[in-house]
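Below is one structure, written out as structure tokens; the observations come after it.
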2 protein chains.
Amino acid sequence: MPTEPPDPATGRPAGHRTPSEPRPGRSAGSIRARVRAEMVDEIKATARRHLATDGANLSLRAVARDMGMVSSALYRYFASRDDLLTALIIDAYNDCGAAAEAADAGVADRADLAGRWLAVCHGVRHWALAHPAEYALVFGSPVPGYSAPQDTVAAAARTPAALIGVLADGHARGALADPGCDDVDPALRTDLARIRALIAPALPEALLADGALGWTQLFGAVSFELFGQLNNGVDARDAYFDHQMRRITGLLGL
Amino acid sequence: MPTEPPDPATGRPAGHRTPSEPRPGRSAGSIRARVRAEMVDEIKATARRHLATDGANLSLRAVARDMGMVSSALYRYFASRDDLLTALIIDAYNDCGAAAEAADAGVADRADLAGRWLAVCHGVRHWALAHPAEYALVFGSPVPGYSAPQDTVAAAARTPAALIGVLADGHARGALADPGCDDVDPALRTDLARIRALIAPALPEALLADGALGWTQLFGAVSFELFGQLNNGVDARDAYFDHQMRRITGLLGL
DNA sequence: ACGCGGACGAGAACACTGATCTCGACCGGA
DNA sequence: TCCGGTCGAGATCAGTGTTCTCGTCCGCGT
């Protein structure tokens, strides 16, 4: 007699049933739930440690071995290797976003828009250099079969939101002129309008587009540096990055 | 008695010996060499086909199976899976660079610097959208243990050289003002000077740095689009990309 | 307080993978 | 012609993700 009922979603017998909250509705503060959460955290921690050396092809078995367990035991906590990677991706998005937000918050003079923008840029780069494997996991080539679930989008938006926030604040202070784009594709205008409604309702579309430009430039620069595209070319990484970010700052009118 | 001598480089017996020109000095046009080259091409072609579906984790065995061979036979032509990937990477670099050069060459009015720059940008993006797996292989997160051999740098330089070439040509025509950077880090100046000597000796350093900025922006935008960072955000991909590239064109003074 | 059901982890199994080694067979070049 | 080197097949090894089964054990609801 099977101890677990057939999965209502798929219909098949489901030996182990998809985990992550094994029973949907239960007292959240129960002992079981707490040790389970601790176990999940420990798995993610050791997986992150392996990520630093093995990159995106980390081995479930190695992680389990490192914890004195057997690989199949991990399936109690993550439905698959991709599920574990997804959890790490979400954490990395949040870490990166938190670093960006903290960098902005660290600037005392809130009116120094260029200083705040540069602080966010350097904060992101600093986080990326400190966690290259997690950065690569998030901003590198996606795993072939893998499609980012909806859970990631909220976490993914934090860093661009921090950047746009600087522009929005500057605009609110009246310190930022609208560059004014007359000939913008209408389809792009609807995209910008939708994003604006979510992030910064008062920001002119042209400034939002410029923010996206800076966002792209920031991660393009960090990716080039971390992914080896600057090897055999640029050695003064700090100065190179700073120069590029300052140039963009000028373009943005900060 | 072993038919093949011990590898002089490593000293170990070397069962199969590292391939790629099995015997260094031989008549280059021999029949054996020709069929071997055709075989290498066929392997790369089927590997590229698999790359499109399986991404970076393509399977040697699957490639061999697809060719009616056995996996061990592939080791006659590539020392390892990484070696095959390296060959694909070099090809991809060259393809991308060729696309960039062709796009520039396709602009009739050589004095239309902005048009040429935008043509190169769109050419690169077009190539990337047509070959997403190869793009990811080259510009995505590098394989953990993998370190790009020196062979790749020449091929890797073609695309940025095409971009810088537009600026250098514009400068030679006197159509490009030197933005003039006074406060540039001396270490970065030496980097720029070294690159300038290789690519465009007459180009002012500030313009070279701006070219690198545009180069970064171009691949940042393409990577964001291909790696899914624009999902759930921007739908008008063409207009978005074009807008960003035009904005950079303005910054560059084209 | 107690007993039961469900969560847990071990272990075996399956279908894969990259890599190595051995061994015939073949055939281009001298 | 004939021989040596190249080739491809097959077996093998270590390692992987995933699934399934089966005891055990303990927190939870009664």
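Chain letters run A, B, ... following the sequence lines, proteins first and then strands; every chain starts at 1.
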*With a 4.0 Å heavy-atom cut-off, tell me which residues in residues 43-52 of chain B come close to DNA chain C, sorted by residue number.*
none
_Residue list, ring pair (Phe, Tyr, Trp, His ring centres under 6.0 Å) with A:Y240, at least two apart or on another chain_ = none
*d(CG, B:L85; C1', C:dG18) in whole Å*: 12 Å
*Taking CG from A:D83 and C1' from D:dT18, how many angstroms apart are they, rounded to a whole number?*
13 Å
*Between C:dT17 atom P and B:D66 atom CG, what is the distance in whole Å?*
12 Å
*Among all residues two or more places apart in sequence or in another chain, which pass the ring pair (Phe, Tyr, Trp, His ring centres under 6.0 Å) test with B:F224?*
A:W215, A:F219
_Interatomic distance where CD belongs to B:E38 and P belongs to D:dC7 [whole Å]_ = 13 Å
_Quick check for you: among C:dG18, D:dT21, D:dT18, whose closest atom lies nearest to any side-chain atom of B:Y75?_
C:dG18
*Taking only residues two or more places apart in sequence, or in another chain, which ones meet A:R81 in a salt bridge (Lys or Arg N to Asp or Glu O under 4.0 Å)?*
none
*Applying salt bridge (Lys or Arg N to Asp or Glu O under 4.0 Å), which residue pairs with at least one partner in residues 57-74 of chain A are found, sequence neighbours left out?*
A:R49-A:D66
*Please round to the nearest 0.5 Å and tell me the distance separating atom CG of B:L85 and atom CD1 of B:I90.*
11.5 Å
_Contacts of A:R158 that satisfy side chain to side chain donor-acceptor pair (under 3.5 Å) - sequence neighbours left out_ = A:N94, A:E101
*How many Å lie between CZ on A:R76 and C1' on C:dA10, as a whole number?*
11 Å
*asked:* Please determine whether any donor N or O and acceptor N or O are separated by less than 3.5 Å between the side chain of A:S30 and the base of D:dG27.
replied: no
*Which nucleotide sits closest to the side chain of A:I31: C:dA19, D:dG27, D:dT18?*
D:dG27
*Residue pairs, two or more places apart or on separate chains, that pass salt bridge (Lys or Arg N to Asp or Glu O under 4.0 Å) and touch residues 227-245 of chain B*: A:R194-B:D235, B:R125-B:D238, B:D242-B:R246
*If only side-chain N and O atoms of A:Y77 are considered, is one of them under 4.0 Å from the OP1 or OP2 phosphate oxygen of C:dA7?*
no
*For A:R34 and D:dC26, what is the distance between atoms CZ and P respectively, to the nearest whole Å?*
16 Å
_I want to verify a distance call: between D:dA9, D:dG27, C:dG9, whose nearest atom is closest to the B:S72 side chain?_
D:dA9
*For A:H50, enumerate each residue passing the ring pair (Phe, Tyr, Trp, His ring centres under 6.0 Å) test, keeping only those at least two apart in sequence or located in another chain.*
none
*Can you figure out which of C:dC8, D:dT19, D:dC26 approaches the side chain of A:R32 most closely?*
D:dC26
*Whole-Å distance between C:dG9 P and A:E42 CD?*
10 Å
Might you list the N or O atoms of the protein lying below 3.5 Å from N or O atoms in nucleotides 13-16 of chain D, with each pair's distance?
from   : atom 1 : to    : atom 2 : distance (Å)
D:dT16 : OP1    : A:S59 : OG     : 3.2
D:dT16 : OP2    : A:R65 : NH2    : 2.5

*Please work out if B:M39 contacts a base, only the sugar-phosphate, or nothing of the nucleic acid, heavy-atom cut-off 4.0 Å.*
sugar-phosphate
_Working to the nearest 0.5 angstrom, can you tell me the gap between B:F139 CZ and A:S223 OG?_
11.5 Å
